[in-house]
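Quick notes on the structure that follows.
All ligand and atom numbering here is 1-based and tracks the order in the structure.
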Amino acid sequence: MQKTQTIILGAGLCGLSTAFHLRQDYLLLEKKSKVGGLAGSEVISGFLFDCTGHWLHIRNEKVRSLVASLMPNGFDTIARKAKIYLHGRMTDYPFQANLFGLRPQVLRECLRGAVEAALLRERIKKPALKSFLDYVRFHFGEGIAKFFIIPYNTKIFGVHPSEITSEWTQRFVPVPDIFQIIDGALGFSNEAMGYNATFMYPKEGGIQALSDAFFQRLDACRIMFRTAPSAISLKERFVEFGGERVKFDFLVSTIPLPELVMLTVDAPATIRSEARRLRSSPLRYINVALKVEKPLGGAHWIYVPEAHYPFYRVGSASNVSRGVALPGFSSLYVELANDRIVGEREALSALSAFLKEIGTIKDDKEIEFAVFREYTHGYVLYDRHCARARRKIIDFYRDNNIFCVGRYGGWQYGSMEDAIVEGMEVAWLIKQTG
Ligand SMILES: Cc1cc2nc3c(=O)[nH]c(=O)nc-3n(C[C@H](O)[C@H](O)[C@H](O)COP(=O)(O)OP(=O)(O)OC[C@H]3O[C@@H](n4cnc5c(N)ncnc54)[C@H](O)[C@@H]3O)c2cc1C
């Protein structure tokens, strides 16, 4: 049986970063025919589409210099233009900090709720916030929860915010204080708030360019495409694929955690039963080409919380980077809701109505094409079982020198930067131990 020190499963950013930092004695297995995973792009009739929107925001200086060395002068830095469309009004993102422009009754309900919540926070310093819903009500109040956060998140996760916890929110949900909320309601803009107020995007080639930049620095002989494991053994320490078995000392798995457990022939029953508890919402979206130059009033993306639209966000990569669409055209990505699954025809007719309503198109003929895409996993559901089940499984594998990392490998709500950092860290750990 052949042997390699480390086998890496999956050539998304996490697997690529692991391989890049290990440099030697690894084998990288990828089930698709190219690298990138979620951070990959596809070309459809001359238009370049990422997997919905993929904007790079970097906090870690090591990642910043790594990315700069991989792609010198390869990125534009862009100030986010994100909007919310509610009851026919367009307001700035984040909703909770930019209430100005909402219908008066809605604005009043949001503001009153926010003031009540602020008063409550004065009295209760250590609240027991079990669910995401508790968290939202406590920090933003009833109105903001009712008009934006509950409907929007129900669409993404496919379940009510009372079913999920708030452990993923810290970085992703901006929490303005009451003075910022009041300022935002009066029209003093809080537009630049939140983790992605500015972001980086490749000058050319879509987000695939970043994944390709890693790939170009790897030893091509160590990567096998269109290759997925059929079995993994902890005790005999092998990965089986294409009828062969290769032994390993370390395994780095970036493939979805439940799948890793299913493939592990000698996983204990307790771990299998924990894996059955892990839930996620799927990712369903539409790649659209339009015969208009600047859709969505120039916004990069628009949040659409109202339940009667079967999508929760509509974005335009060509509003960020002109080169992704053909001259005279533009592109959209439309992220479909998971609480009410509609067929393609209904989704398209709702999209067309929405685009007409906001003045992007006048006629359906301006929709050049629309291509639907679907992935099994989009967002991990942080329900009441998730933290415990995830911890048990990951610790179990860790004890066997198997590292479960990345967005679905580590079963978490992470960014591209997180995936790169985890790859860096796991490579360092292997080098220390190996
Ligand atoms: C809709 C959406 C939008 C996002 N937008 C942003 C954004 O704007 N900015 C940002 O920073 N982050 C964003 N993210 C998060 C970001 O995409 C991920 O955190 C990051 O790309 C994850 O990288 P990864 O390598 O962990 O996982 P993946 O990209 O999922 O890579 C896993 C790889 O494993 C392969 N694989 C799967 N199963 C097998 C198998 N059995 N055998 C072999 N290979 C297998 C897959 O083909 C894939 O290549 C977004 C995520 C989603 C879902």
Side-chain angles (χ1 to χ4, degrees), residues 7-20 27-41 49-60 63 67 78 80 82 156-157 168 171-172 194-196 199-201 206-208 210-211 214-215 223-232 239-242 251-264 280-285 300-301 312-313 315 317 320 333-336 338 373-380 403-423 426:
I7 296 183
I8 306 165
L9 304 179
L13 280 179
C14 193
L16 289 169
S17 169
T18 308
F20 175 85
L27 184 61
L28 174 52
L29 308 182
E30 167 56 50
K31 76 170 176 188
K32 295 202 172 156
S33 52
K34 66 181 179 94
V35 298
L38 286 169
S41 315
F49 291 97
D50 294 339
C51 173
T52 73
H54 264 79
W55 322 117
L56 186 62
H57 18 89
I58 298 182
R59 298 173 301 164
N60 180 315
V63 176
V67 164
I78 289 144
R80 177 190 67 204
I156 292 194
F157 294 112
W168 55 276
R171 181 149 46 106
F172 295 104
Y195 71 100
N196 57 3
F199 56 85
M200 293 160 64
Y201 192 72
I207 203 62
Q208 181 77 49
L210 175 61
S211 301
F214 273 103
F215 175 52
I223 307 180
M224 296 178 71
F225 289 106
R226 289 178 285 274
T227 305
S230 46
I232 295 165
V239 173
E240 181 185 87
F241 51 90
L251 180 67
V252 177
S253 172
T254 75
I255 69 174
L257 195 54
E259 198 179 326
L260 173 71
V261 176
M262 257 168 40
L263 287 167
T264 309
S280 65
S281 61
L283 176 63
R284 301 159 51 248
Y285 63 95
H300 298 149
W301 62 88
Y312 55 86
R313 194 164 43 191
V320 173
Y333 58 88
V334 181
E335 300 177 76
L336 295 170
N338 287 311
R373 290 282 177 259
E374 183 160 355
Y375 291 72
T376 312
H377 304 292
Y379 293 86
V380 163
F403 302 92
C404 304
V405 285
R407 183 171 173 108
Y408 306 120
W411 206 251
Q412 56 199 325
Y413 193 7
S415 66
M416 291 189 279
E417 180 186 36
D418 296 329
I420 295 171
V421 169
E422 278 197 275
V426 78

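Panel note: side chain N338, backbone F157; no donor-acceptor pair is recorded below 3.5 Å. Distance alone, capped at 3.5 Å, places no donor-acceptor pair between the K31 side chain and the L9 backbone. R407 contributes a side-chain N or O that, together with a main-chain N or O of G414, makes up a donor-acceptor pair within less than 3.5 Å. Using a distance-only test at 3.5 Å, with no hydrogens or angles considered, a donor-acceptor pair links the side chain of Y408 to the main chain of H377. Without hydrogens or angle criteria, E417 side chain to R59 main chain gives a donor-acceptor distance under 3.5 Å. Side-chain atoms of T227 come within 3.5 Å of backbone N or O of F225 as a donor-acceptor pair. In terms of modelled atom types and a separation under 3.5 Å, the side chain of S211 and the main chain of A39 share a donor-acceptor contact. A donor-acceptor contact shorter than 3.5 Å is absent between the side chain of S253 and the backbone of G409. Looking only at distances, no side-chain donor or acceptor of Q412 sits under 3.5 Å from a matching main-chain atom of V405.
Shown in contact with G36 at under 4.0 Å from a heavy atom are these atoms of ligand 1, numbered in order with element: 29 (O). Short contacts between ligand 1 and L29, defined as distances under 4.0 Å to a heavy atom of the residue, involve ligand atoms 43 (C), 44 (N). Every atom of ligand 1 with a heavy atom of T52 under 4.0 Å away is listed here by number and element: 1 (C), 2 (C), 3 (C). Interface of G406 with ligand 1, defined as ligand atoms under 4.0 Å from a residue heavy atom, comprises 26 (O). Of all atoms in ligand 1, numbered sequentially from 1 with element shown, those under 4.0 Å from a heavy atom of T227 are 43 (C). Near G37, meaning under 4.0 Å from any of its heavy atoms, are these atoms of ligand 1: 29 (O), 48 (C), 49 (O). Heavy-atom contacts of G53 reach the following atoms of ligand 1: 3 (C), 4 (C), 5 (N), 6 (C), 7 (C), 8 (O) (cutoff under 4.0 Å). Near K32, the atoms of ligand 1 lying under 4.0 angstrom from a non-hydrogen atom of the residue are 47 (O).
Under the 30°/60° scheme for interplanar angles, the aromatic rings of W301 and W55 are found to lie parallel.
Scanning the protein heavy atoms around atom 25 (O) of ligand 1, the nearest turns out to be C14 N, 3.0 Å. Scanning the protein for heavy atoms near atom 23 (O) of ligand 1, the closest one is A419 CB, 3.7 Å. Of all protein heavy atoms, the one closest to atom 34 (O) of ligand 1 is G10 CA, 3.2 Å. The protein atom (non-hydrogen) at minimum distance from atom 35 (C) of ligand 1 is E30 OE1, 3.3 Å. Summary of contacts: the protein heavy atom closest to atom 28 (P) of ligand 1 is L38 N, 3.9 Å. Counting only heavy atoms of the protein, atom 44 (N) of ligand 1 lies nearest to K31 N, 3.2 Å. Here the protein heavy atom with the shortest distance to atom 31 (O) of ligand 1 is G12 CA, 3.4 Å. Scanning the protein heavy atoms around atom 9 (N) of ligand 1, the nearest turns out to be W55 O, 2.7 Å.
Counting heavy atoms closer than 4.0 Å to ligand 1, residue H57 contributes side-chain atoms (C-beta onward) but none from N, CA, C or O.
The shortest N or O to N or O distance between Y379 and ligand 1 is not under 3.5 Å. Residue I255 has no N or O atom closer than 3.5 Å to an N or O atom of ligand 1. At a 3.5 angstrom cut-off on N or O pairs, A228 does not count as close to ligand 1. Considering backbone and side-chain atoms alike, L9 places every N or O at 3.5 Å or more from each N or O of ligand 1. Considering backbone and side-chain N/O of Y408, none are found under 3.5 Å from N/O of ligand 1. Considering both main-chain and side-chain atoms, G378 never comes within under 3.5 Å of ligand 1 through any nitrogen or oxygen pair.
Heavy atoms of G414 come nearer than 4.0 angstrom to ligand 1 in at least one pair.
The residue from M200, R407, E417 that puts a heavy atom closest to atom 18 (C) of ligand 1 is R407. Atom 14 (N) of ligand 1 has its nearest heavy-atom neighbour, among H54, M416, K34, in H54.
For an aromatic pair to be called close, the ring centres must be under 6.0 Å apart, and F214 with F20 satisfies this.
Of all the heavy atoms in L263 and P229, the pair that sits closest is CD2-O, 3.4 Å. Closest non-hydrogen pair, H300 versus I78, comes out as CE1-CG2, 3.4 Å.
M416 has its side chain within reach of I207: a pair of non-hydrogen atoms, C-beta onward, lies under 4.5 Å apart.
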